[in-house]
Structure formats: C-alpha cells, structure tokens
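Accompanying notes for the structure given below.
Proteins come first, then strands; the chains are lettered A, B, ... in the order of their sequence lines, and each starts at number 1.
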Amino acid sequence: MSSDLEVDPAGIFCHRVRFQTPFKPDIKDMSMPVGPIKQHLLAAIDAACRAAYDHAPEGLAIDFPPDLQLGHFAAGCFPLSKTLRRSPADIARTLAAAIGPDDLIAGAAAAGPYINFTLRPGRLFGEAIAAILSAGGSYGDSAAGAERRVMVEYLSPNTNKPLHLGHLRNAALGIAVSRMLAAAGHPVVKSILINDRGVHICKSMLAWERFAGGATPHSEGLKGDHFVGRWYVRYAIESEKDPSLEQGTQAMLRRWEEGDPATIDLWKRMNRWVYDGFAETYRRFGMDFDVFYYESDTYRLGKDVIAGGLAQGVFGTDERGNTVFHLPEKPFGREKDGALKKVTVLRPDGTSLYITQDIGTAILKVTEHDLHSSVYVVGSEQEHHFKCLFAILAALGYAWAPNCHHLSYGMVYLPEGKMKSREGKVVDADDLIAGMQELAEEEIRRRDPEKRLSAEEIRHRAEVIGVGAIKYYLLRVRPTQSINFDPAESISFDGFTGPYCQYAYARIFGILEKAGGRGLSAGGADFGLLGNPEELLLLKMLIQFPAEVASGVAEYNPSRVAVHVFNTAKAFNQFYNKHAVIQAESPALAAARLALIRATAAVLKRGLELLGIGVLENM
RNA sequence: GCGCCCGUAGCUCAGGGGAUAGAGCGUCAGCCUCCGGAGCUGAAAGCCGCUGGUUCAAGUCCAGCCGGGCGCACCA
C-alpha cells in the first residue's frame with residue numbers, strides 16, 4: 001500500500017506533511033553502493049551480540065563516524081542499552097572485542113558508545129567504485145516512482161512583461177525538481193500555466209494601441225516580451241496622469257470577453273510577440289514544457305464542477321449570493337464570531353475567480369495525463385490559496401487530492417527590497433543571463449591568451465558556465481529560505497558556486513585525458529593501496545550521493561543535491577592538491593586513483609544534471 | 001488578531017535526535033621547477049533569538065515568548 005494513502009486527507013494541511021512525497025525513500029537503507037558491506041557489518045554485530053548476550057540486536061544503523069580516522073563505518077549501541085540494561089559504552093566495548101577480523105573487517109574498536117569499523121580498503125574502495133562506474137551515468141537513480149506519474153507545473157508567467165529574477169528561481173526549482181523526480185523513477189510531465197488574460201494584460205494592449213504608433217518588436221529591434229513590457233510600464237506612467245485610462249482597460253476586457261474580433265486580433269498579435277520572446281528565454285535557461293495551459297482556455301473551467309459540488313452540498317451560498325466553500329476547522333480555525341472560515345468560489349453573477357479555474361485545471365490535469373500527483377511550483381505568498389484549493393479538491397472526493405503539493409519558495413529580495421515589476425524594480429532575466437555569460441566569457445578569454453578557442457566554443461562555454469552560476473546560486477539554499485539577492489555574490493565563480501563544481505569536473509577530465517594519452521588506465525588497479533584521509537573523504541561523498549538525492553526528492557529540495565555536489569568537488573580538490581594521480585608512486589596506485597576520480601566525475605556530472613546544470617570537459 | 005516561513009561566525013547560508021556545530025564570502029598569514037590557481041593550507045571569528053519541557057542524548061522534537069518576512073479569500 002502506498003504511503004500516500006495512509007495520510008489522513010486532513011493531514012495535508014499539517015506543516016509536517018509538506019514533506020509528503022510521491023514515494024518514501026528509506027534514507028538509512030542498504031542502498032548502493034555499500035549495501036552488502038553494511039549488511040556484513042550488521043551480521044558481524046548480530047553474531048557478537050548473540051554470543052555475548054544471547055540476544056539478537058535490533059534497531060542498529062551503520063553510519064559514518066564524524067572523523068574517518070576513527071574508522072570507516074560506525075554503529076551506535078544506544079538502541080541495545082534498554083533491553084540489555086547496560087550502558088551503551090559497555091555494550092560497545094563487549095561487542096567490539098568479540099568482532100574479529102575477516103575478509104572485509106580489518107578491525108573493530110569501541111569508542112565510547114560506538115563500535116568503529118575499519119575495513120580492508122581493497123574491498124571498500126573496490127566495491128563502491130565498481131558500483132558507481134557500472135551504473136553508467138545513472139548512479140543514484142531508483143525505480144521507486146515508476147508507477148506514479150507526476151506533473152510539475154512551474155513558471156506561470158504573465159504575458160504583459162518579460163521574465164525576471166523571481167521567475168528564474170521558480171524555473172530553476174521546477175527544472176531541478178522535475179529531473180530529480182525522474183531520477184526517482186517517476187514519469188514526469190512538465191507543464192506551464194500562462195496568464196494571458198485579464199485586466200493587466202489589457203493595460204499593455206491599451207498603451208500600445210494609444211501610444212505606439214504601430215511600432216513592433218521588429219521595427220524597434222526589441223525582443224518581443226521586452227517590447228510588450230515597455231507598454232505595460234508606459235500604461236502605469238500614463239494612467240498616473242490620466243485616471244480615465246482605467247475605464248479603457250475595463251472596456252477592453254469586456255470586448256475581449258465578448259469576442260470582439262479587433263480586440264482578439266490585437267491580443268493574439270501581442271501575445272505572439274511575447275511568446276517569441278519567452279521561447280528565447282526558455283531556451284537560454286534550459287526550461288522546457290510538455291504541456292502548455294493558457295488561462296484564456298482554463299478560466300471557464302471549474303464552473304460545472306462547482307455546480308456539481310453545490311448539488312452535493314460541498315458548497316453553499318452566502319448572504320450576498322456568492323458560492324462559497326466552508327473551510328474545515330481542523331487546519332483553518334474559525335472566524336472571531338465562531339463561524340467557519342470560507343472561500344468564495346463563484347461570484348453571484350456566475351463569473352469565475354482564480355480558484356474556480358484552478359479547481360477545473362487541477363482536475364483537467366489529472367484526467368488528461370493520468371496523474372498520480374501534481375506539484376505546483378509557486379511562491380510562498382500563495383500558500384493559503386493552495387491550502388484552500390487542495391481542501392476543496394479533497395472535499396469534492398478526489399482520491400488524488402492528498403497527492404497535490406505546493407512547492408512553495410521564498411521571495412527574492414533585491415538590496416532595495418522586494419521586486420516590483422510595475423515599478424521597474426526588477427532584475428530582468430535576460431539581462432542577468434546575458435551579464436553572467438559576459439563575465440564567464442571574460443574569464444574564458446583570460447585563460448586563453450593565445451586565442452586558440454573558436455568564437456563558437458567560447459560562446460558555448462560561457463553559456464554553460466553563466467547559466468550554471470545563476471541556477472546554482474538560486475538552488476543552493478533550501479526553497480523555504482528567502483534570498484537576499486547580492487549582485488556581487490551572485491556573479492562570483494569562486495567558492496560555493498556552480499562554476500567551482502564544474503571546474504572540478506573539467507579538472508578530472510583533463511587528468512583522465514592526459515592519463516589516456518600516456519597509456520594509463522584503471523586496469524590493474526589495486527584498491528588496497530587507497531585509504532589516505534583525502535581518498536576516504538572523497539569516497540564517503542560518493543557513497544552518500546544516492547541518499548542525498550533521495551532526501552532531496554522526499555523534501556522537494558534541490559539544495560540537498562547542490563550542497564552535496566559542492567562538498568564532493570571540495571573533497572576532490574583537497575585530494576587533488578595533496579596526491580598525484582598520473583604520477584603516483586606505482587602504476588597500480590595510479591590505476592586505482594584513476595578509477596576513483598572517474599567515479600567522482602560521474603557523481604559531479606549526475607548531480608549537476610539533476611540541478612539542470614551542464615558540465616564542460618574543458619573550461 | 002490568526003496561519004505559515006525565517007532567526008546558527010562580521011555578511012550569506014548548510015546542518016536528516018547522536019561523537020569536537022560546518023561552508024562560502026570578507027579579514028589576516030601562507031602554497032605555483034610538480035596531473036588545470038575558477039584551486040589548496042592555516043589563523044581569528046559562535047550564550048545555534050530567549051525561556052521552559054521531552055530524551056540516556058536537543059542547533060535538530062514540543063510549548064510559550066521576542067524579532068523579521070509573507071498571507072488571511074468575491075485580485076491573480
């Protein structure tokens with residue numbers, strides 16, 4: 001039985017269940033690549049415990065000790081303390097003494113309440129590296145979600161202005177979460193809901209009609225979305241001077257709803273400009289969508305559902321004639337006067353609201369695409385809206401309602417405060433991407449004084465590095481954190497950044513290439529020669545990767561992966577700085593280290609891929 | 001007023017009940033006859049917002065406070 005179905009439908013409102021997941025990974029599991037090794041250690045403890053206490057141990061977990069000099073793996077004896085009625089330290093001492101060396105275990109020692117195991121490095125490194133390399137680029141993937149199709153909706157742009165930094169955070173999350181869900185085995189459908197109708201869209205239309213004199217993106221040499229955005233801003237300026245413009249937009253919206261051909265033509269024409277512009281930004285940032293929903297199509301949806309719900313008594317009517325939904329007391333509380341809180345789902349005149357169409361769209365998504373669950377990547381300011389939406393879907397009796405998830409993320413603040421596109425206080429997405437690519441390009445040229453790189457190669461590298469830097473900056477903190485956008489920090493390529501991680505990959509590729517040129521390979525590796533502190537730390541990072549991915553999926557939190565990729569790159573740099581690979585003391589050691597760094601490259605690449613960030617073999 | 005999020009080093013942030021709380025940036029001091037310096041090493045820098053509680057064990061869980069942010073419905 002699916003864990004999802006065990007969740008009390010009302011439980012979806014609890015904070016805890018925000019981390020409800022399409023599947024439930026066992027984080028302390030026996031996962032690859034060291035599952036068999038952990039099993040072996042548990043079996044050794046089991047045998048020792050039976051011998052010493054005539055008791056089968058339960059609840060023990062094999063973890064890493066805080067310092068790998070203490071041992072390669074450790075087990076805390078706390079769970080045994082109660083049943084054996086001895087101190088954990090006493091138990092650890094007894095069990096460690098009873099565990100002798102074998103073909104895997106080199107030694108077991110007690111340290112306080114812990115049993116620390118030192119393994120034979122040939123087995124430890126050999127088995128882990130073999131598992132990683134044999135996974136063929138999909139290390140860390142699982143098939144757990146194979147039967148559960150998920151839709152991830154992200155971006156939700158308006159067609160009256162270009163995309164800004166807030167959209168990029170949204171997109172970075174949407175892209176990464178889609179990839180991570182896919183890595184967990186889920187079939188994933190990526191969708192976008194485009195807000196292409198309403199009075200705010202009419203504002204840019206009206207301003208263009210009145211003031212543009214027939215100008216087009218082509219005539220102005222502007223990207224279409226920027227061109228339309230210019231008229232949206234112009235509207236704001238003009239309506240300050242002439243408040244009567246507002247009646248003009250209201251009239252235009254009425255004409256649009258009546259299907260007035262001239263208004264519809266203008267609307268289509270301007271939207272086309274915006275979509276052409278958006279398509280370019282999608283391409284630059286690596287966004288892609290399987291399904292496009294337009295509010296001009298969906299805004300009528302939901303009314304029939306509400307009519308049906310009204311008949312079933314799910315909805316009621318208030319004194320003003322609104323159709324309303326009474327929110328259950330459990331999570332929502334009550335009004336001061338004791339009445340249940342309510343949400344209006346239909347106006348008295350039968351026109352729909354934001355939530356009306358969202359109800360319809362939610363149902364449409366599931367029925368059209370046979371979904372198990374639905375993820376909405378939308379800012380935290382809409383948390384209440386989605387709680388209401390999911391409550392209504394549950395009340396309507398949809399079994400999948402508890403599988404709807406609002407992936408809520410914090411705001412992006414500029415040094416001057418919150419972004420406000422109406423006031424032009426935004427960081428434009430295209431400007432930011434272009435700016436980062438320029439910086440990357442400068443850096444690339446600085447490293448190519450002899451100008452051996454083609455313009456095309458430079459451009460390609462700059463794109464991967466520039467976009468990678470932005471995405472990493474936006475993904476490295478957990479989604480619930482708001483981000484204080486620091487221009488200086490965001491353009492850095494040093495330290496905790498995407499380029500740092502990409503650089504480690506390129507360095508490894510350089511070594512592998514050079515090794516190949518000298519006829520060295522991983523063949524003939526003697527993994528028994530590995531085991532210095534830097535090698536151990538690096539191996540630990542590689543081993544932990546699948547668990548980090550699983551946690552990231554479970555929490556819808558790409559920062560898990562981002563942080564781990566950085567730690568892996570750092571561990572590699574520390575190793576690299578202290579130990580030679582190609583020029584190692586012996587060919588058998590060189591071969592073993594080559595295998596180790598090949599496995600490292602695989603983890604770095606896969607981790608960055610899950611974040612939607614590309615790697616370069618040379619940078 | 002109610003709900004949610006955030007509060008950890010000067011700044012920006014990681015920390016999935018367990019061993020000595022970490023990183024980046026910044027500051028200071030070092031490392032290029034040696035596989036790529038977008039790198040590495042070291043130092044200084046912490047009442048983990050406060051107070052209680054649960055637990056053998058709390059930055060982590062619970063309660064109550066104090067700051068800051070976002071919402072609270074007929075806008076989207």
Side-chain angles (χ1 to χ4, degrees), chain A residues 13 15 18 27-28 63 65-67 70 74 76 78 81-82 87-88 111-114 116 156 158 195 198-200 295 318 320-325 327 331-336 341-349 351 353-355 357-358 379-385 387-388 408 410-411 413 418 440 443-444 446-447 465 476-478 480-484 486 488-489 492-497 499-504 506-515 518 547-548 551 554-555 559-560 562-563 566-567 570 573-574 576-584 590 593 597 618-619:
Chain A
F13 308 111
H15 164 62
R18 287 191 54 222
I27 289 162
K28 297 196 171 174
D63 286 311
D67 180 349
L70 293 168
F78 308 102
S81 158
K82 202 169 280 175
S87 78
Y114 295 93
N116 290 324
S156 14
N158 292 339
N195 187 333
V199 73
H200 54 299
E295 271 195 32
D318 76 0
R320 276 170 291 189
N322 292 310
T323 305
V324 298
F325 176 73
L327 295 163
F332 290 97
R334 284 177 182 266
E335 298 286 0
K336 264 188 212 150
K341 293 184 176 180
K342 61 190 183 183
V343 52
T344 302
V345 294
L346 211 57
R347 292 192 184 97
D349 65 2
T351 54
L353 294 151
Y354 183 41
I355 198 153
Q357 52 184 295
D358 264 9
S380 61
E381 67 274 14
Q382 294 201 34
E383 275 177 19
H384 186 256
H385 168 78
K387 281 181 186 171
C388 293
S408 166
M411 316 216 111
Y413 294 95
K418 188 186 167 183
E443 188 72 24
I444 293 160
R446 206 171 57 70
R447 290 151 181 274
I465 295 167
R476 66 185 196 174
V477 302
R478 44 186 210 280
T480 49
Q481 268 284 356
S482 57
I483 292 179
N484 297 299
D486 178 342
E489 193 185 8
S492 169
F493 294 160
D494 302 330
F496 186 24
T497 66
Y500 175 96
C501 300
Q502 292 170 322
Y503 183 68
R507 257 183 166 174
I508 293 173
F509 189 82
I511 298 170
L512 294 175
E513 206 173 37
K514 191 159 286 185
R518 296 187 189 180
E548 293 296 332
S551 297
E555 298 171 10
S559 80
R560 284 275 188 204
V563 169
F566 171 71
N567 287 331
K570 187 171 171 61
N573 278 330
Q574 289 170 333
Y576 165 85
N577 210 260
K578 198 160 175 185
H579 305 286
V581 177
I582 293 173
Q583 292 149 12
R593 286 182 175 163
I597 68 171
N618 297 286
M619 61 185 277

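Residue-to-nucleotide contacts include a donor-acceptor pair under 3.5 Å from the side chain of A:Asn116 to the base of B:rA19. Judged by distance alone, with hydrogens and angles left aside, A:Arg560 brings a side-chain donor or acceptor within reach of the base of B:rG16, the pair sitting under 3.5 Å. For A:Ser551 and B:rG16, a side-chain-to-base donor-acceptor distance below 3.5 Å is present, hydrogens and geometry of angles not being considered.
Within 90° of 0 lies the glycosidic angle of B:rC32, which makes this nucleotide syn.
Going from the P atom of B:rC13 to that of B:rU51 covers 25 Å, rounded to whole Å. Comparing B:rA38 with B:rA45, their P atoms sit 31 Å apart, to the nearest whole Å. Taking atom C1' in both B:rC35 and B:rG30, the straight-line distance is 23 Å, to the nearest Å. Distance check on atom C1': B:rC61 versus B:rU54 gives 8 Å, rounded to whole Å. Between B:rC5 and B:rG39, the two C1' atoms lie 37 Å apart (nearest whole Å). Spacing of C1' atoms, B:rG15 relative to B:rU20, comes out at 15 Å, to the nearest Å. Comparing the P positions of B:rG46 and B:rA23 gives a spacing of 15 Å, expressed to the nearest Å. For B:rC72 and B:rG26, the C1' atoms lie 41 Å apart once the distance is rounded to whole Å.
Nearest-nucleotide positions on RNA chain B place A:Glu489 closer to the 5' end than the other of A:Ala440 and A:Glu489. Where A:Val199 and A:Ile483 each meet RNA chain B at their nearest nucleotide, the meeting point lying more 5' is that of A:Ile483.
With B:rA73, B:rA76, B:rU41 as the choices, the nucleotide that has an atom nearest any side-chain atom of A:Cys388 turns out to be B:rA73. Closest to the side chain of A:Glu381, from the set B:rA73, B:rA14, B:rC70, is B:rC70. Distance from the side chain of A:Thr344 is smallest for B:rA73 among the nucleotides B:rA73, B:rA19, B:rC13. Of the candidates B:rG24, B:rG69, B:rA19, B:rG69 carries the atom nearest the A:Tyr413 side chain, counting heavy atoms from C-beta on. Candidate nucleotides B:rC74, B:rA76, B:rC70 were compared by shortest atom distance to the side chain of A:Gln382, and B:rA76 ranks first. Taking only side-chain atoms of A:Leu70, from C-beta outward, the nucleotide of B:rC40, B:rA14, B:rA19 with the closest atom is B:rA19. Taking the side chain of A:Val477 as heavy atoms from C-beta on, and the options B:rA19, B:rA14, B:rA76, the nearest nucleotide is B:rA14. Closest to the side chain of A:Ala547, out of B:rC56, B:rG16, B:rC6, is B:rG16. Closest to the side chain of A:Ile465, from the set B:rG3, B:rC75, B:rA38, is B:rA38.
As a whole-Å value, the separation of A:Lys570 NZ from B:rG24 C1' is 9 Å. Atom OH in A:Tyr500 sits about 8 Å away from atom P in B:rG24, given to the nearest Å. Taking atom CD of residue A:Gln481 and atom P of nucleotide B:rU12, one finds them 10 Å apart after rounding to whole Å. Look at CG on A:Asp318: it is 14 Å from P on B:rA73, rounded to the nearest Å. As rounded to whole Å, 14 Å separates atom P of B:rC74 from atom NZ of A:Lys341. Between the CG atom of A:Asp486 and the P atom of B:rU12 there is a distance of 9 Å, given to the nearest Å. Remark: C1' of B:rG71 and NE2 of A:His385 are 13 Å apart, rounded to the nearest angstrom. For the pair A:Glu383 CD and B:rA73 P, the computed distance is 16 Å after rounding to whole Å.
Applying the ring-ring contact (aromatic ring centres under 6.0 Å, His included) rule to A:Tyr354 yields the partners A:His385; only residues at least two apart in sequence or on another chain are considered. Remark: A:Tyr503 engages no residue in a ring-ring contact (aromatic ring centres under 6.0 Å, His included) (not counting sequence neighbours). Checked against salt bridge (Lys or Arg N to Asp or Glu O under 4.0 Å), A:Glu443 has the following partners two or more places apart in sequence or in another chain: A:Arg446, A:Arg447. In terms of the salt bridge (Lys or Arg N to Asp or Glu O under 4.0 Å) criterion, residue partners of A:Arg334 (sequence neighbours excluded) are, by chain and number, A:Glu329. In this structure, the salt bridge (Lys or Arg N to Asp or Glu O under 4.0 Å) partners of A:Glu489, at least two apart in sequence or on a different chain, are A:Arg476. Take A:Asp318 and apply the side-chain hydrogen bond (donor to acceptor under 3.5 Å, both in side chains) test, not counting sequence neighbours, and it matches A:Asn322. Shown here are the salt bridge (Lys or Arg N to Asp or Glu O under 4.0 Å) partners of A:Lys578, two or more places apart in sequence or in another chain: A:Glu534.
Under 4.0 angstrom from either OP1 or OP2 of B:rC6 there lies at least one side-chain N or O belonging to A:Thr480. Remark: A:Arg478 is in phosphate contact with B:rA14, judged by side-chain N or O atoms under 4.0 Å from OP1 or OP2. Contact annotation: A:Arg334 does not reach the phosphate of B:rC72 (side-chain N/O to OP1 or OP2, under 4.0 Å).
Among all heavy-atom pairs drawn from A:Phe78 and A:Pro113, the shortest one is CZ-CG, 3.6 Å.
Nucleic acid contact for A:Pro65: base, since at least one base atom lies under 4.0 Å from a heavy atom of the residue. Using a 4.0 Å heavy-atom criterion, one finds that A:Asn322 contacts the bases of the nucleic acid, with or without backbone contacts as well. Backbone-only contact: A:Phe566 has heavy atoms under 4.0 Å from sugar-phosphate atoms and none from a base. A:Ala504 comes within 4.0 angstrom of no nucleic acid atom, judged by non-hydrogen atoms across all strands. Here A:Ile355 lies out of heavy-atom contact (under 4.0 Å) with every strand.
Taking CG of A:Asn573 as the start and CZ of A:Arg507 as the end, the distance is 5.0 Å to the nearest 0.5 Å. Here the CZ-OG distance, from A:Arg478 to A:Ser559, works out to 7.5 Å after rounding to the nearest 0.5 Å. Summarising the geometry, atom CG belonging to A:Asp358 is positioned 11.5 Å from atom SG belonging to A:Cys388; distances are rounded to the nearest 0.5 Å.
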Review point. Can you give one letter per nucleotide of nucleotides 31-37 of chain B, 5' to 3': B if a protein heavy atom sits under 4.0 Å from the base, S if only from the sugar-phosphate, - if neither?
Key: ---SBBS
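Taking a pair as Watson-Crick or G-U with both hydrogen-bonding distances under 3.5 Å, the stems of three or more pairs touching RNA chain B are B:1-7 with B:66-72, B:10-13 with B:22-25, B:27-31 with B:39-43, B:49-53 with B:61-65.
A side-chain donor-acceptor contact under 3.5 Å links A:Thr351 and A:Asp349.
Counting heavy atoms from C-beta on, the side chains of A:Lys570 and A:Tyr500 come closer than 4.5 Å.
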